[in-house]
Amino acid sequence: MRVDIITIFPGYFGPLGMSLIGKAAGRGDIEFTVHDLRSWTRDVHHTVDDTPYGGGPGMVMKPEPWGDALDAILPPARHPPDQLPDQPPDQLPDQPPDQLPDQPPDQPPDPPAGQSVRLVVPAPSGKPFTQDMAARYSRVDHLVFACGRYEGIDARVIEEARARVPVDEVSIGDYVLAGGEPAVLVMIESICRLLPGVLGNAESAADDSFGAGRDGAAMAGLLEGPVYTRPRSWRSREVPPVLLSGDHAAIARWRRDAALRRTAENRPDLAARLEPLDSRDAEVLSEAGFPVSGDDMAH
Ligand code: ADE
């Protein structure tokens, strides 16, 4: 996967060289390029912002440096309709045949046939980022992140980019950050850990909170429950005995019960959408103060 990031704070992305994602980049499985937006400014002060038309507080990022940066990084317009891939990459449609006239020499090179590209613009006003979106982004060949600061980027930049490639404005939560950089780090971490070979244990992503669940989605829709490791007894606190029993069915049931309790406690919105539920699920949820109607039960 290729990842380009455009920012006025390139130093923010030092952490991409660390941990599992840094190792994947070292192996060449992910190719990160961090670009300084100011290198596309043309004035001596390297100005990237200006006052908003119509008045109001704060500053808006100027379109010219952004336009030049995206011209240099995005491929020219030749992409299929705006659809995130939801199938494995080998079933993705190829790009349409080249019907554009010859490009001027200063255009970036064509992406190889079948390569998908997407521009992601972090913004508190964007669509909520989810695990499902992370999974679909992990199947894109080339992601470009455009980090806005201040009150945001002049809207014409996004409008023009949309005519060339699929663009998503994405929010990582209902709070306002000072800029898109931390949101991009969050998104990259959640996307890149899903790439083949990045996590040590291939199955561990499936068991995550918000993961698809293993074994035919046994834990799908549930938050992950508590986990334990050695020693068995620590400061007089014991590991739950069932986890030492070797009884796989009992362990699976205990884990599901714990996940149900945690979901009911921390995310009643998710607990209300759980289905199908068996009679033990209903018992656990109602003990957790979350009564289940007969309609929610599996038959
Ligand atoms: N920029 C500022 N706040 C943000 C948020 N909540 N999500 C994504 N980008 C942002």
Side-chain angles (χ1 to χ4, degrees), residues 1-16 18 21 30 32-38 40-41 46-67 69-70 73-74 82 84 117-140 142-162 165-195 208-210 223 266-267 269-270:
M1 169 183 270
R2 178 176 158 197
V3 178
D4 285 278
I5 302 161
I6 312 167
T7 173
I8 58 168
F9 295 119
Y12 222 106
F13 294 92
L16 293 179
M18 302 174 78
I21 290 171
I30 315 170
F32 290 112
T33 313
V34 182
H35 307 269
D36 186 348
L37 179 70
R38 290 190 202 276
W40 283 282
T41 55
H46 301 294
T47 314
V48 292
D49 62 336
D50 204 341
T51 51
Y53 272 125
M59 299 292 271
V60 174
M61 293 192 103
K62 291 164 66 61
E64 302 93 326
W66 276 110
L70 293 175
I73 294 164
L74 293 176
D82 186 358
L84 258 177
V117 63
R118 222 165 170 95
L119 175 63
V120 181
V121 184
S125 53
K127 291 187 190 138
F129 185 64
T130 60
Q131 184 67 25
D132 178 59
M133 234 188 232
R136 284 181 289 149
Y137 283 163
S138 74
R139 296 191 281 269
V140 173
H142 181 192
L143 289 172
V144 181
F145 290 96
C147 303
R149 282 258 147 187
Y150 316 115
E151 296 300 309
I153 305 172
D154 185 304
R156 292 167 293 181
V157 173
I158 316 297
E159 205 179 285
E160 197 212 33
R162 267 210 176 104
V165 297
V167 180
D168 298 320
E169 292 175 274
V170 180
S171 167
I172 62 159
D174 290 345
Y175 40 79
V176 181
L177 306 165
E181 286 79 3
V184 168
L185 280 177
V186 166
M187 286 190 261
I188 287 178
E189 173 115 358
S190 66
I191 296 162
C192 291
R193 67 188 283 283
L194 300 177
L195 293 174
D208 290 339
S209 297
F210 313 112
L223 300 184
N266 293 348
R267 291 293 301 273
D269 57 319
L270 296 181

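Each ligand, and each atom within it, is numbered from 1 in the order the structure gives.
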Identify the protein heavy atom lying closest to [atom], giving its residue, its atom name and the separation to 0.1 Å.
{"atom": "atom 1 (N) of ligand 1", "value": "P124 CD, 3.5 Å"}
{"atom": "atom 3 (N) of ligand 1", "value": "L177 N, 2.9 Å"}
{"atom": "atom 6 (N) of ligand 1", "value": "Y175 O, 2.8 Å"}
{"atom": "atom 9 (N) of ligand 1", "value": "A123 N, 3.1 Å"}

Subject >> ligand 1 contact by D174, heavy-atom criterion under 4.0 angstrom >> reply: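 It does not, in that no heavy atom of D174 comes within the 4.0 Å cut-off of ligand 1.
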Subject >> Heavy-atom side-chain proximity of H142 to D4 below 4.5 angstrom >> reply: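 Contact flag for H142/D4 side chains = yes.
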Original post:
Quick one: are Y12 and I5 in side-chain contact, heavy atoms under 4.5 Å?
Top reply: no
Original post:
Quick one: CD1 on I153 to CG on L37, what's the gap to the nearest 0.5 Å?
Top reply: 8.0 Å
Original post:
Which distance, rounded to the nearest 0.5 Å, do you find between the CG of D208 and the CD of Q131?
Top reply: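 D208 CG to Q131 CD: 6.0 Å, rounded to 0.5 Å.
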**OP:** Taking only Lys NZ, Arg NE, NH1 and NH2, and the carboxylate oxygens of Asp or Glu, determine whether D154 and R156 approach each other closer than 4.0 Å.
**Re:** yes
Original post:
If you measure every N/O of V176 against every N/O of ligand 1, is any gap under 3.5 Å?
Top reply: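 No; every N/O pair is 3.5 Å or more apart.
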**OP:** Compute the shortest N/O to N/O distance between I172 and ligand 1 and return yes if it is under 3.5 Å, no if not.
**Re:** yes
Need the ligand 1 atom indices (1-based, order shown) with element for anything under 4.0 Å from a heavy-atom of [X].
{"X": "A183", "result": "8 (C), 9 (N)"}
{"X": "V170", "result": "8 (C)"}
{"X": "S171", "result": "6 (N), 7 (N), 8 (C)"}

**OP:** Please state whether the rings of F129 and Y137 are parallel, tilted or perpendicular, taking 30° and 60° as the class boundaries.
**Re:**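 Answer is parallel, since the angle falls under 30°.
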**OP:** Search all heavy atoms of C147 against all heavy atoms of E181 and return the closest pair with its distance.
**Re:** CB-OE2, 3.5 Å
